[in-house]
Amino acid sequence: MFRPKIPTNPTPNGLSIPSVIPSGVEPIATLRHTSPPAPVAQPSTRPAVQLMPGTALALVGGGTAVVLVVGTVLVSMLLAAAITGVSVAVCAVVLRSLLTSQRTHR
């Protein structure tokens, strides 16, 4: 009841294809899979992108503006973190001083 049943191999050669085809069953034809032909590259009908001097100048100006804005934001965030750290340090020094002075005056 609790022993596992091990299936027996129907073919002595170890292959999963049965060596005897049962009667009434026709063998399935083998199919040959061929790869589709490789696509042929079509020449592009679009013209290549050409940069005019005004367009290049606008791109350089836009890139400079983006760098300046991102730099400003990052510097302001760093400055905010530094100001917060200094204010926490000042508060800690004041609290320490107050607690020390209370202990000595008693």
Option from Leu99, Thr100, Val93 for which side-chain contact (heavy atoms from CB on, under 4.5 Å) with Arg96 holds | Thr100
Correct closest heavy-atom pair for Thr72 and Leu68 would be OG1-O, 2.7 Å
Hphob cluster co-occupancy, Val66 + Leu74, side-chain heavy atoms under 4.5 angstrom | yes
Under a side-chain separation threshold of 4.5 Å, the hydrophobic residues clustered together with Val86 are Val90, Val94, Leu98
